[in-house]
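Presented below is the structure to which this report refers.
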Amino acid sequence: MEKSKLHFIKQLTALLAPLKPSLAQLKLQKLKLIIHVGTPKTGTTSLQTYLNKKQRKLRGKGILYPHNLDKLQNTAAPKHQWFEKNLVTINLDSLLENFRNIISQVKSDTHTIILSSEGIYNYWWDFPSQSKDILGELSKRFDIEVWVWFREPLGFIESYYKQCIRNPQVVGNPCYGKDLSFAEMLNINWFFQHLDYQGFVTECQTVFGKNNISVFKYEGDVVQEVIRKLGLATPHDNPTPRQNNSVNSASIKLLRTINHYNMKAKDKTRLMPHLKAINAVLENYANDILIDEASKKRVLQLFKPINF
């Protein structure tokens, strides 16, 4: 592992070396790397869709929202899921290949790169210590800034429960694609540790530096916040339409039934368009409560808030 880590660092340093003259011209020490880590259900897909559509406008301001490698492309909104996947598996060869792809898209006036994937927050607790060492090495070679949005805990954890139920099963994950009630899932450490907002921020500060973490309270439209931060806002901006609508309680019951059969991911994916149609029809009928009063109290006990 140490040999792979040294190879990764050496190769990444070599990739960045030719950029130094242009960075000097821009009077920068390092390229800025903004890592948007979510959290889930805070407008992440809407933001990714926006950044992808505005790539040319962003480039005009020296900001790169990079394309993924062709072999990684899918029909979902453009996101950089390879980042957390390579860190979970410590696949440094693939991580290096993806950074080589990013650097190939950097131009002489590029000063900022943005990566976005809510999975970075989802899987943070699954990253081995070696991967967090790699993140520390990245922070020495880029001017890293981590962006994270947090929702109030009850709304967040209910939405996250629904996402876990919707996801296909993943080997080693105790919650994805399982037939579990909210109360049952709340008893699983992997699930409820996502309520430790402060713990996540503290660990990020340790890895990337105390002043390199930007924490925001989710207030409904992340896209508008980001375009203001990037200097792209115009007087005619409208509220951003939601890209992902939540499933209702009736659809959750159907999904739990599907999950009971331990279905292959590709087959579950084939069912999702039909489930979305069913979800729309059932919207006026589904009023079951997913989180009972006892579970609400437990959520608030487990929650570790951020002092904004």
Side-chain angles (χ1 to χ4, degrees), residues 5-6 8-39 44 47-48 50-52 54-55 57-68 78-80 82-84 86-87 92 95-121 124 127 130-149 200-216 222 225-233 306:
K5 174 182 168 183
L6 292 173
F8 174 83
I9 294 167
K10 182 179 179 180
Q11 292 297 311
L12 182 62
T13 302
L15 286 172
L16 292 171
L19 303 179
K20 286 187 177 180
S22 59
L23 291 173
Q25 191 173 2
L26 293 169
K27 297 182 179 179
L28 299 173
Q29 294 295 318
K30 305 173 187 174
L31 273 172
K32 178 178 281 292
L33 175 59
I34 296 171
I35 305 176
H36 169 232
V37 303
T39 58
T44 302
L47 178 58
Q48 291 159 350
Y50 173 84
L51 293 173
N52 185 62
K54 299 295 183 180
Q55 283 190 5
K57 190 172 183 180
L58 289 166
R59 279 190 174 278
K61 288 186 170 289
I63 301 167
L64 170 66
Y65 188 70
H67 293 292
N68 288 326
K79 58 181 72 177
H80 305 109
W82 53 264
F83 192 74
E84 70 267 12
N86 290 334
L87 290 170
L92 299 188
L95 189 65
L96 182 62
E97 183 183 11
N98 280 283
F99 269 98
R100 185 177 286 113
N101 175 57
I102 291 171
I103 298 303
S104 72
Q105 298 172 56
V106 171
K107 296 185 177 180
S108 59
D109 61 347
T110 302
H111 54 75
T112 299
I113 299 167
I114 302 176
L115 298 180
S116 176
S117 178
E118 66 187 37
I120 299 168
Y121 181 82
W124 180 262
F127 290 167
Q130 300 98 313
S131 292
K132 291 180 181 177
D133 289 343
I134 289 295
L135 290 175
E137 293 295 336
L138 285 178
S139 69
K140 296 176 184 177
R141 287 153 184 81
F142 293 92
D143 178 14
I144 287 185
E145 187 173 340
V146 175
W147 287 0
V148 55
W149 272 261
F200 173 78
V201 171
T202 299
E203 274 206 49
C204 282
Q205 289 174 331
T206 301
V207 172
F208 298 110
K210 189 171 183 179
N211 298 321
N212 296 334
I213 316 300
S214 295
V215 179
F216 308 95
V222 167
E225 290 185 63
V226 168
I227 64 178
R228 286 194 293 269
K229 285 178 67 66
L230 297 178
L232 300 176
I306 297 293

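Computation of the quantities below employed the complete heavy-atom set of this structure, encompassing side-chain atoms and omitting hydrogens, waters and symmetry-equivalent molecules.
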Taking the side chain as everything from C-beta on, heavy atoms only, tell me whether N86 gets closer than 4.5 Å to L92. no
If you define the side chain from C-beta out and look only at heavy atoms, does anything of P66 sit under 4.5 Å from L115? yes
Under a 4.0 Å N-O cut-off, is there an ion pair linking K229 with E225? no
Find out whether W82 and F99 are in side-chain contact, i.e. whether some heavy atom of one side chain is under 4.5 Å from a heavy atom of the other. yes
About how many Å separate CZ of F8 and CG of L95, when rounded to the nearest 0.5 Å? 4.0 Å
dist N68:CG -> N101:CG (nearest 0.5 Å) comes out at 7.5 Å
Does L64 form a side-chain contact (heavy atoms from CB on, under 4.5 Å) with R59? I'd like the steps, not just the answer. CA-CA 6 Å; L64 170 66; R59 279 190 174 278; 3.1 Å; yes
Contact between V222 and F216 at the side-chain level, heavy atoms closer than 4.5 Å - yes or no? no
Given side chains that start at C-beta, do those of N98 and I102 come closer than 4.5 Å, heavy atoms only? no
How far apart are the closest heavy atoms of S22 and S108, and which atoms are they? CB-O, 3.4 Å
Between I144 and L135, is there a side-chain heavy-atom distance shorter than 4.5 Å? no
Name the one of E84, Q48, H36, K79 that satisfies side chain to side chain donor-acceptor pair (under 3.5 Å) with S117? E84
Qualifying salt bridge (charged side-chain N to carboxylate O under 4.0 Å, His left out) pairs with a residue from residues 97-116, counting only residues at least two apart or across chains: K71-E97
Just verifying a value: how many Å separate T112 OG1 and L58 CG, rounded to the nearest 0.5 Å? 10.0 Å
Correct closest heavy-atom pair for I306 and V201 would be CD1-CG2, 3.4 Å
Hits for side-chain hydrogen bond (donor to acceptor under 3.5 Å, both in side chains) against K54, two or more places apart or cross-chain, chain-then-number order -> none
Please step through side-chain contact (heavy atoms from CB on, under 4.5 Å) for the pair L33 and F208, ending with a clear verdict. CA-CA 11 Å; L33 175 59; F208 298 110; over 6 Å; no
Do W147 and V226 pass the side-chain contact (heavy atoms from CB on, under 4.5 Å) test, and can you show the C-alpha distance, the side-chain angles, and the key distance before you say yes or no? CA-CA 10 Å; W147 287 0; V226 168; 4.0 Å; yes
What's the spacing between D143 CG and I113 CD1 if we round to 0.5 Å? 11.0 Å
Closest non-hydrogen atom pair, I63 against I114: CG2-CD1, 3.7 Å
Where T44 and S116 come nearest, the two heavy atoms and their spacing: CG2-OG, 4.1 Å
For L28 and H111, work out which heavy atoms get closest and say how close. CD1-CB, 3.4 Å
How long is the span from the CD1 atom in I9 to the CG atom in L12, to the nearest 0.5 Å? 8.5 Å
H80 side chain reached by Y65 side chain, heavy atoms, under 4.5 Å: yes
Using the side-chain contact (heavy atoms from CB on, under 4.5 Å) rule, take K61 and L230 through it: C-alpha gap first, then chi angles, then the decisive distance, then the call. CA-CA 9 Å; K61 288 186 170 289; L230 297 178; over 6 Å; no
Indicate yes or no for a side-chain donor-acceptor contact from Q105 to the backbone of H67 under 3.5 Å, with no hydrogens or angles considered. yes
Classify the angle between the aromatic ring planes of W124 and F200 as parallel (below 30°), tilted (30 to 60°) or perpendicular (above 60°). perpendicular
Return the minimal non-hydrogen interatomic distance between Q11 and L96, and the atom names on each side. CB-CD2, 3.4 Å
So, do T110 and L26 sit near enough that their side-chain heavy atoms are less than 4.5 Å apart? no
How long is the gap from CD on E137 to CG on L6, to the nearest 0.5 Å? 8.5 Å
